[in-house]
Number of protein chains: 2
Amino acid sequence: MSDKNFSVKNADDSSGFLLWQVTALWQRGIKKALNVHNLTHSQFVLLASLLWLSRQSEEVTQIDLSAHSKIDPMTTSTVLRTLQTKKFLKRKEHVTDTRAKVIELTDEGASVTKVALKTVEKFDSDFFSTLGEGQKDFNKIVLNLISKNK
Amino acid sequence: MSDKNFSVKNADDSSGFLLWQVTALWQRGIKKALNVHNLTHSQFVLLASLLWLSRQSEEVTQIDLSAHSKIDPMTTSTVLRTLQTKKFLKRKEHVTDTRAKVIELTDEGASVTKVALKTVEKFDSDFFSTLGEGQKDFNKIVLNLISKNK
DNA sequence: TGCATATAATAAGTATACTTATTATAATTG
DNA sequence: CAATTATAATAAGTATACTTATTATATGCA
């Protein structure tokens with residue numbers, strides 16, 4: 001069963017493959033959980049980012065949202081327009097920077113986001129519950145990976 | 001800075017958000033690394049799965065590849081046709097099950113896969129090197145998450 | 001055996017996620 | 001202050017990743 005083409009005996013020894021698989025599993029779960037709110041995961045992330053950033057700043061732009069959510073600017077633009085169509089947010093002209101758009105949650109958008117936050121937090125709580133106290137270690141490891149690879 | 005809508009003080013305490021972010025980082029890196037072979041990550045995963053499964057079985061079908069790679073059957077179908085166009089594999093009629101297609105690597109496909117495997121292993125080795133000996137723990141944790149959530 | 005059920009593949013449609021290139025405008029600096 | 005450089009947004013194009021529905025065929029069991 002050994003093969004010089006593969007450095008590991010089986011896929012379960014490949015951190016990359018495992019990371020990819022667990023994320024796919026997590027994404028499918030989140031997708032189903034958010035389905036009841038008629039939101040995709042990216043839509044939710046941008047809404048939650050907007051809710052978060054709106055607490056500090058009056059004028060949240062698309063690039064602010066892209067930076068905070070880590071969703072690339074083009075995708076951010078596309079998803080925000082979808083969310084505008086759904087009437088969850090408004091995109092206005094920026095007062096001083098005419099290149100930029102100021103994004104604001106509508107009342108409905110804020111409301112949906114807050115409910116969806118509970119859904120996602122519940123899902124995550126369940127998904128990672130098997131880690132128990134080890135969840136803190138998991139977060140530390142992943143944060144380390146992120147900081148070393150960005 | 002506290003807000004009853006958010007259960008955590010910041011996004012760095014959310015395992016789900018962290019998982020999503022590190023995977024996005026990993027995916028971007030893999031994408032760039034595989035770019036020199038003119039392969040996407042999904043294409044690579046299916047090719048590597050095919051190389052792997054071909055060692056055990058004469059007749060590897062699309063559903064076999066889907067199950068092994070965890071890529072859903074529809075996406076598997078689409079990606080395999082792209083790989084067929086690239087002449088990296090052939091899709092033949094199954095002898096006994098006429099619903100199924102038998103997938104076989106071409107010589108070029110096998111060759112590309114083997115080189116790409118080295119590229120991916122090198123990338124993963126670098127990406128996870130910061131974990132040091134902790135990589136085994138990481139794999140264990142992730143395997144646990146996968147088995148408990150599937 | 002014959003039929004209900006399961007399975008393999010895929011068509012069509014929606015929504016990311018990325019790339020490169022473009023437009024418009026800001027900001028910096030010689 | 002004019003010229004260069006950087007930035008915000010997005011058009012166009014490619015490739016997943018998923019959903020629901022369909023077609024064809026295989027399989028299990030009464």
Produce the list of close N/O pairs, under 3.5 Å, pairing protein atoms with atoms of nucleotides 9-16 of chain C; give distances to one decimal.
residue : atom : partner  : partner atom : Å
C:dA9   : OP1  : B:Gln62  : N            : 3.3
C:dA9   : OP1  : B:Lys101 : N            : 2.6
C:dA9   : OP1  : B:Lys101 : O            : 3.3
C:dA9   : OP2  : B:Gln62  : N            : 3.4
C:dA9   : OP2  : B:Ile63  : N            : 2.6
C:dT10  : OP1  : B:Arg91  : NH1          : 3.0
C:dT10  : OP1  : B:Arg91  : NH2          : 3.4
C:dT10  : OP1  : B:Lys101 : NZ           : 3.3
C:dT10  : OP2  : B:Gln62  : OE1          : 3.2
C:dT10  : OP2  : B:Gln62  : NE2          : 2.9
C:dT10  : OP2  : B:Ser77  : OG           : 2.5
C:dT10  : OP2  : B:Arg91  : NH1          : 3.2
C:dA11  : OP2  : B:Arg81  : NH1          : 2.7
C:dT16  : OP1  : A:Thr40  : OG1          : 2.5
C:dT16  : OP2  : A:Gln43  : NE2          : 3.1
C:dT16  : O3'  : A:Ser42  : OG           : 3.2

query = Taking only residues two or more places apart in sequence, or in another chain, which ones meet B:Asp126 in a side chain to side chain donor-acceptor pair (under 3.5 Å)?
reply = B:Lys122
inquiry  = Among residues at least two apart in sequence or on other chains, which ones pass side chain to side chain contact (heavy atoms under 4.5 Å, CB included) with A:Asn38?
reply    = A:Lys86
request  = Check every strand shown and say whether B:Thr96 touches a base, only sugar-phosphate, or nothing at a heavy-atom separation below 4.0 Å.
outcome  = sugar-phosphate
inquiry  = Regarding B:Asp72, tell me which of base, sugar-phosphate or nothing describes its non-hydrogen contacts under 4.0 Å with the strands shown.
reply    = base
request  = For B:Lys70, enumerate each residue passing the side chain to side chain donor-acceptor pair (under 3.5 Å) test, keeping only those at least two apart in sequence or located in another chain.
outcome  = A:Gln21
ask   = Within the side chain of A:Thr119, is there an N or O that forms a donor-acceptor pair under 3.5 Å with the backbone of A:Ala33?
value = no
request  = Quick one: list whatever passes side chain to side chain contact (heavy atoms under 4.5 Å, CB included) with A:Ala100, sequence neighbours left out.
outcome  = A:Thr61, A:His94, A:Asp97
Relative orientation of the end axes in the helix from C:dT1-D:dA30 to C:dG30-D:dC1, expressed as an angle to the nearest 10° (five pairs per end) = 20°
Euclidean distance, atom CG of residue A:Leu65 to atom P of D:dT7 [Å, nearest integer] = 18 Å
ask   = Does B:Thr98 have any side chain to side chain contact (heavy atoms under 4.5 Å, CB included) partners at least two apart in sequence or in another chain, and if so, which?
value = none
query = What residue pairs, at least two apart or across chains, pass salt bridge (Lys or Arg N to Asp or Glu O under 4.0 Å) with a residue in residues 139-150 of chain A?
reply = none
task = Quick one: list whatever passes side chain to side chain donor-acceptor pair (under 3.5 Å) with A:Ser77, sequence neighbours left out.
result = A:Arg81
query = For A:Lys136, what residues pass the side chain to side chain donor-acceptor pair (under 3.5 Å) criterion, not counting sequence neighbours?
reply = none
message = Heavy atoms within less than 4.0 Å of DNA chain C: which residues of residues 28-36 of chain B have one? Give them sorted by number.
response = B:Arg28, B:Lys31
ask   = Which salt bridge (Lys or Arg N to Asp or Glu O under 4.0 Å) pairs, counting each pair once, include a residue from residues 100-113 of chain B, with sequence neighbours left out?
value = B:Lys92-B:Glu104
ask   = Nearest-Å distance, CG (A:Leu25) to C1' (D:dA17)?
value = 14 Å
key: Nucleotide C:dT25, atom C1' - distance to NE2 of A:His94 in whole Å   = 13 Å
